[in-house]
Amino acid sequence: MSPRLHLSLLLALSSLVACRTPGDPTKGELDGEALQSGEDNDSDGFFGDEDCNDDEAAVSPGAVELCDGIDNDCDGLVDEDVDSEWFLDTDGDGFGDPEAPTRACEAPPGAAPSGTDCDDGDPAAFPGAEEACDGVDNDCDGEIDDGVGITLYADADGDGAGDPEAPVLACGPSAGLVENADDCDDGNAEAAPGLDEVCDEVDNDCDGTVDEDVNTVYWADLDGDGWGSAASTSACAPPAGYAERNGDCDDANDGVNPEAAEACNTVDDDCDGDIDEPDAIDAMTFYTDGDGDSYGDPLRPVVACTLPAGAVTNDLDCDDGALAVNPAAAERCNGIDDDCDSLIDTADASLTGGTTAYTDADRDGYGDPASAVTTCGPTAGTVSNDDDCDDRVTGVNPAAAERCNGYDDDCDALVDASDPSLTGGITLYPDADGDGFGASGAATAACGPTAGYVSDGTDCNDSSTAISPLAAERCNGIDDDCDRLVDDADPGRIGAATWYVDGDGDGYGGPTTRSACTAPAGTVASSTDCDDGLFGVNPGAAEVCNALDDDCDGAYDEGYDADADGITDCEEISYTISISATGDDVWRGYVDGVSYGPYAGWNTVDTITLTLDSGDHVFAAYAQDTGAAIAGFLATVRVNGALTYWTGRDFVMVDNTTATNWYAVGFDDSGWTRPIPCSAANVSSFWGNQPTSLLSTGAQWVWHTSCTGLGDSYYRLEFNLP
């Protein structure tokens, strides 16, 4: 080799060494440059074709794996078999949550080596802790308050005496529990040691004797109306057939006694010795008819069980001394209320004749349009026109001039400054709330100072006296002092509100509060959420089938009927089903056992459209041969408008059955056969015209033995709506 060639080779090798790139030891990759050169750059005894980092002697296939985040032994795995399992210790009691494990070389912050904590949110609950009477499994042995507590007795009736048959182990006295067991009847608060005995068939004082030293006299009550007569007896409570009161005048009639109401029935119902007196409950009120016009005088009523002579049943006569005056008479122009409707002459709408006039109260020659009257003749204070717009003011009428006085003087519906004929005026602002400041931007022209208007137009809300430039800014979401700063933005605001944190963002707050003028982010005004950790659970949520109290009403998964069909289900869905079919020669359809048809078939397509709930359904068809022809069938089924099933693919045969309601029978599917699709050539040679509206969808004519066979056939489609 020449010296020049030898020098060139050395320079080339030096260049390769300077440019080589080590492999990634954390990924177990081989050193690419060392692999090409066949060198052992780190002198660890492994060349680049097997060393994953030929620049690091501690990394090679023969190295020991360390817990350092590097693939030390070049097996493609990092820290295998040298890291440890740790558990999240939220409450810091030295025992971790078994449901929150992690692996690491050293204990992560907030982790423990043991995963045996039964409640990682309570630092007082962990294996080995001392059990306390607090309703918590402190020592994590699966038992709550074991080995602690005292024996109490249930006091169900709240009389202070306990039931000896109902001992309870508890941490201490509480509502419904007492220390004694002295009650003889814990279902009755009227029975307990120390109570007075009363006549109630109860051992009130718990001395073993019932109703001692008490009784009452009762009277025989044969008709059971609560009033007795004749025989009596003594007892603690009324015996059967006895009453506490005496004085029945007919103890064979339960409607007759001193307490009964007198009725018009020729019987002394109330035992007072009189029959059918005027105070009878069904006595009627009649009215004297003095003038014999069949209308009674309301001022002369007569109460009796039967109609007295000279009386009538109505009280409609307004003058019982005049035969021509009664409700049936006609109102006449005579100054009398002839028809008893309290209206006389022109005041009565039933009066005929007369003239229409209008009141001219201000005597300016113009009448009030709202005062039209019908008169029996000329009437003082009226005119024939209705052109006055204010009949209270003489100077207001169509002939007057518009003046600056707050009136529509000329009756043109324009007042003062709004009338073009008026000159002069000043600018005012409406002060609707009367706080001395007018509504900004609502300037109006006026003739002078006007009630309800002011010259200052700086009010930012003229509908509230509480809002003006002089008001104090309050915590209400309003610019009270009109300085364009609202609530917390205004340094001078007063007051604050309490808001509740809405942890799950469902619009209903939990128990945690925040104080602010307006709702801080993530808070609401109410604290009615029963689970602020679940978005779908709140008083406004709809109850769904998920074993949760979604609407916070204390119950869960209440039934409902989403489509009002009388079927209650948690998840109820309705579908629109359209079944289009034809058959040769006649066919009938059955959906879930309900019959449809018969239909003419042949080349005529008929459609059955109905609404079905989710679940399993059956459509069946019977194609009948009425002559020497093939009884074939062609059909499509659309669910919510989408083609879902068709003949030649989805139907099965239910053939040779003798069941009366064959379409409703649950047949063994092992005996079903799939009908044979028939080619267009076979169909056209035996059936004639083709229903292209169904064939174009992919549906095919079907038959159970051959496309040329004769006879009736049955078809069935079972489908499920999710």
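Keep in mind the model is a prediction, meaning the values are calculated, not measured. What's counted below: heavy atoms across the whole structure, side chains too, no hydrogens, waters or symmetry copies.
- Of all non-hydrogen atoms in Gly536 and Ala541, the two that sit nearest each other are O-CB, 3.3 Å.
- Side-chain contact, Asp364 with Thr394: no donor N or O sits under 3.5 Å from an acceptor N or O.
- Judged purely by atom type and a 3.5 angstrom limit, Asp320 uses its side chain to pair as donor or acceptor with the backbone of Gly290.
- Donor-acceptor pairing under 3.5 Å is lacking for the side chains of Asn538 and Asp529.
- How far CG of Leu470 is from OG1 of Thr465: 12.5 Å, rounded to the nearest 0.5 Å.
- The salt bridge (charged side-chain N to carboxylate O under 4.0 Å, His left out) test with Arg403 is passed by exactly one of Asp409, Asp410, Asp419: Asp409.
- Asp368 places no side-chain N or O within 3.5 Å of a backbone atom of Thr359 that could act as its donor or acceptor partner.
- Side-chain contact between Pro469 and Phe437 is present, with heavy atoms from C-beta onward closer than 4.5 Å.
- At a threshold of 4.5 Å between non-hydrogen side-chain atoms, the residues Tyr295 and Asn314 count as touching.
- No side-chain heavy atom of Val373 sits less than 4.5 Å from a side-chain heavy atom of Thr346.
- Atom SG of residue Cys376 and atom CD1 of residue Ile344 lie 11.0 Å apart, to the nearest 0.5 angstrom.
- Checking side-chain atoms of Asp433 against main-chain N and O of Ser464 turns up a donor-acceptor pair under 3.5 Å.
- One finds the CG atom of Leu351 at 9.5 Å from the CG atom of Asp339 (value rounded to the nearest 0.5 Å).
- The CG atom of Asp122 lies 8.0 Å from the CG atom of Asp93; values are rounded to the nearest 0.5 Å.
- With hydrogens and angles disregarded, no donor-acceptor distance shorter than 3.5 Å links the side chain of Glu331 to the backbone of Ser350.
- Residue Gly367 comes nearest to Tyr358 through the heavy atom pair CA-CB, 4.0 Å, listed as atom of the first residue, atom of the second, then distance.
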Audit row: Met284, Cys305, side-chain contact (heavy atoms from CB on, under 4.5 Å) steps and yes/no = CA-CA 6 Å; Met284 296 178 289; Cys305 281; over 6 Å; no

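- Smallest separation of non-hydrogen atoms from Asp506 and Val537: OD2-O, 2.9 Å.
- Using a 4.5 Å cut-off on side-chain heavy atoms (C-beta onward), Tyr596 and Val591 make contact.
- Contact annotation: the side chain of Leu534 approaches that of Leu548 to within less than 4.5 Å [non-hydrogen atoms, C-beta and beyond].
- Side-chain N or O atoms of Asp319 include none that pairs as donor or acceptor with a backbone N or O of Val325 at under 3.5 Å.
- The two residues Ala555 and Asp549 make their nearest non-hydrogen contact at O-OD1, 2.5 Å.
- Expressed to the nearest 0.5 Å, how far CG of Leu88 lies from CG of Asp117 amounts to 10.0 Å.
- A donor-acceptor pair under 3.5 Å links the side-chain atoms of Asp269 to the main chain of Ala263, judged by distance alone.
- Side-chain contact, Thr498 with Thr513: no donor N or O sits under 3.5 Å from an acceptor N or O.
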Begin from the C-alpha positions of Asp276 and Glu262 and carry the test side-chain contact (heavy atoms from CB on, under 4.5 Å) through to its verdict.
-> CA-CA 7 Å; Asp276 293 351; Glu262 187 70 20; 4.2 Å; yes

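- The two residues Asp435 and Ile467 have their closest heavy-atom pair at OD2-O, 3.0 Å.
- Closest approach of Ser574 and Asp613 over heavy atoms only: OG-OD1, 3.3 Å.
- Using a distance-only test at 3.5 Å, with no hydrogens or angles considered, a donor-acceptor pair links the side chain of Asp345 to the main chain of Asn334.
- No donor-acceptor distance shorter than 3.5 angstrom exists from the side chain of Trp499 to the backbone of Pro520, with no hydrogens or angles considered.
- Side-chain contact between Asp341 and Pro327 is absent, with no heavy atoms from C-beta onward closer than 4.5 Å.
- Using a 4.5 Å heavy-atom cutoff, the side chains of Asp488 and Thr518 are in contact.
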Would Val454 and Leu428 count as a side-chain contact (heavy atoms from CB on, under 4.5 Å) if you check the C-alpha gap in whole Å, the side-chain angles of each, and the deciding distance to 0.1 Å?
-> CA-CA 5 Å; Val454 295; Leu428 297 177; over 6 Å; no

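- Of the possible donor and acceptor atoms, one in the side chain of Asp337 sits under 3.5 Å from a partner among the backbone N and O of Ser342.
- In summary, of the residues considered (Asp388, Val396, Asp390), a side-chain contact (heavy atoms from CB on, under 4.5 Å) with Tyr366 occurs for Asp388 alone.
- Side-chain contact between Asp431 and Asp462 is present, with at least one heavy-atom pair separated by less than 4.5 Å.
- Taking a 6.0 Å sphere around OH of Tyr407, one finds it holds 12 or fewer heavy atoms contributed by other residues, nucleotides or ligands.
- Between Asn326 and Asp317, the side chains place no donor N or O within less than 3.5 Å of an acceptor N or O (distance only, hydrogens not considered).
- No donor-acceptor distance shorter than 3.5 angstrom exists from the side chain of Thr382 to the backbone of Ala380, with no hydrogens or angles considered.
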Between Val136 and Ile144, does a side-chain contact (heavy atoms from CB on, under 4.5 Å) hold up when you go through it step by step?
-> CA-CA 5 Å; Val136 175; Ile144 296 177; 5.7 Å; no

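- The distance from the CG atom of Asp391 to the CZ atom of Arg363 is 9.0 Å, given to the nearest 0.5 Å.
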